[in-house]
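Not measured: the values here are computed from a predicted model. Each chain gets a letter, A, B and so on, in the order the sequences are listed, and its residues count up from 1.
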There are 2 protein chains.
Amino acid sequence: MRIGELARRTGVRVETIRWYEKSGLLEKPARNAGNYRDYDAAALARLSFIKRGRDLGFSLEQITELMALTRNARADCERVDAIARQHLAEVERKIVDLSSLRRELSGLVNSCTGGAIGECDILQALAPEGPPSRSEG
Amino acid sequence: MRIGELARRTGVRVETIRWYEKSGLLEKPARNAGNYRDYDAAALARLSFIKRGRDLGFSLEQITELMALTRNARADCERVDAIARQHLAEVERKIVDLSSLRRELSGLVNSCTGGAIGECDILQALAPEGPPSRSEG
DNA sequence: ATGCTCCCTGAAGTCGCTACAGGGTCAAGG
DNA sequence: CCTTGACCCTGTAGCGACTTCAGGGAGCAT
Ligand SMILES: [Zn+2]
Ligand SMILES: [Zn+2]
Ligand SMILES: [Zn+2]
Ligand SMILES: [Zn+2]
């Protein structure tokens with residue numbers, strides 16, 4: 001199949017597929033008479049794996065490693081699990097960080113009751129003391 | 001003061017300050033005899049504002065707009081509030097997305113009980129059907 | 001021949017920095 | 001006078017994971 005069909009079937013954009021190839025994630029496919037890329041079922045499976053990994057938030061580097069690990073099916077899966085656990089921990093940390101951000105921001109937003117900019121609590125929470133830019137007026 | 005002191009006082013790295021200047025967020029400061037940047041109190045206040053905004057997760061574009069808005073203190077603050085509310089909404093959306101990701105990932109991680117890669121449920125959840133790369137072995 | 005959809009390459013842009021490389025400035029110390 | 005060292009300068013390239021654009025070629029239908 002050509003790149004457009006692969007894109008449609010996986011939900012990965014054409015340009016992104018080409019970029020994956022360029023950066024070594026996908027092997028260079030065969031070319032047809034008109035120099036168009038010609039993909040087979042293995043390429044479809046490989047790209048679907050990448051897509052699913054990206055949707056789960058893994059980095060391309062992690063996905064590369066996960067794909068490499070699938071090659072020796074008899075080996076122990078501990079490295080796979082380590083990658084997944086590490087990523088889960090990362091996600092949990094981000095949630096914590098964003099949650100405290102949300103608290104702070106929603107306090108800010110609620111503090112504003114409308115009015116003049118000079119009185120707005122949002123800007124006053126951002127400013128250190130005294131307005132930030134008053135060099136010349 | 002010179003750039004190093006400004007960096008120390010705001011917690012913003014020297015290279016980052018220069019980069020803010022280059023990208024128009026900070027005005028070009030005066031230069032002393034040795035061509036060193038020479039900052040005043042207004043620059044300190046302005047950079048502190050930027051830092052606080054970044055810590056709250058605002059984009060540099062939003063911060064630029066917020067700083068521009070502070071110039072006419074008599075205007076209505078509705079645009080300020082809109083920016084803050086929009087950012088809060090963004091943060092909340094990210095939290096939701098990451099939370100569903102966390103659920104999925106922790107299901108994945110828990111599904112693995114150790115063993116061979118060929119059996120690992122983590123990789124099987126990533127693969128579509130059949131292993132992703134089996135072109136030649 | 002024309003139009004259309006698809007495809008090609010290569011370069012540059014995005015965001016918010018960070019990390020050099022290869023110098024210049026200036027005060028203190030020997 | 002000379003060196004050391006902390007600080008500063010410019011400019012460029014790199015990060016991750018793409019997206020966008022310019023400028024074309026392939027192949028089919030009309
Ligand atoms: Zn991760
Ligand atoms: Zn307000
Ligand atoms: Zn935002
Ligand atoms: Zn496992």
* What about Tyr36(A), does its side chain sit under 3.5 Å from the base of dG27(D) through a donor-acceptor pair? -> no
* Answer yes or no: does a side-chain N or O of Thr16(A) lie under 4.0 Å from OP1 or OP2 of dT19(D)? => yes
* To do: Between Ala33(B) and Trp19(B), just flag the one whose closest nucleotide in DNA chain C comes earlier from the 5' side.
  => Trp19(B)
* Asked: Does a side-chain N or O from Tyr20(B) land closer than 4.0 Å to OP1 or OP2 of dG16(C), or not?
  -> no
* Asked: Roughly, in whole Å, what's the span from CZ in Arg31(A) to C1' in dC8(C)?
  -> 8 Å
* Grab the CG-C1' distance between Asp55(B) and dG16(C) for me, whole Å please. => 14 Å
* Taking atom P of dG16(C) as reference, at what distance in whole Å does atom CZ of Phe58(B) sit? -> 13 Å
* To do: Describe the nucleic acid contact of Arg18(A) in one word from base, sugar-phosphate, nothing, applying a heavy-atom distance below 4.0 Å.
  => base
* Is there a donor-acceptor pair closer than 3.5 Å between any side-chain N or O of Arg46(A) and the backbone N or O of Leu25(A)? -> yes
* On DNA chain D, check which nucleotide each of Arg54(A) and Asn35(B) is closest to and give me the residue with the more 5' one. => Asn35(B)
* **Presence of Ser23(B) side-chain N/O under 4.0 Å of dG16(C) phosphate oxygens OP1/OP2** => no
* **Length of the line joining Ile17(A):CD1 and dC8(C):P, which is rounded to integer Å** => 10 Å
* Structure fact -> Closest to the side chain of Arg2(B), out of dC8(D), dC17(C), dC18(D), is dC8(D)
* Ile3(A) CD1 - dT5(C) C1' separation (whole Å) -> 15 Å
* To do: Have a look at Lys22(A) and say if it touches a base, only the backbone sugar-phosphate, or nothing, with a 4.0 Å heavy-atom cut-off.
  => nothing
* Structure fact -> To the nearest angstrom, the CD-C1' distance between Glu21(B) and dC8(D) comes to 13 Å
* Expected output: side-chain Glu119(A) to main-chain Gly114(A) donor-acceptor under 3.5 Å -> no
* What is the distance from atom CZ of Arg52(A) to atom OG1 of Thr10(A), rounded to the nearest 0.5 Å? -> 14.0 Å
* **Rounded distance in Å - CD (Glu61(B)) to C1' (dC17(C))** => 16 Å
* Structure fact -> Closest of dA17(D), dG16(C), dG27(D) to the Leu60(B) side chain is dG16(C)
* Asked: So, is Arg37(B) near the phosphate of dC9(D), with a side-chain N or O under 4.0 Å from OP1 or OP2?
  -> yes
* Asked: Should Arg13(B) be listed as having a side-chain N or O under 4.0 Å from OP1 or OP2 of dG16(C)?
  -> no
* **Pairwise distance CZ(Phe58(B)) to CG(Leu105(A)) - rounded to 0.5 angstrom** => 5.5 Å
* Residue mapping more 5' on DNA chain D - nearest nucleotide basis, Tyr39(B) or Gly34(A) -> Tyr39(B)
* To do: With rounding to the nearest 0.5 Å, note down the distance linking CG in Leu26(A) to CG in Leu6(A).
  => 8.0 Å
* Structure fact -> Glu15(A) CD to dA17(D) C1', in whole Å, measures 13 Å
* Structure fact -> Distance col, row Arg85(A):CZ vs Cys112(B):SG, nearest 0.5 angstrom, shows 6.5 Å
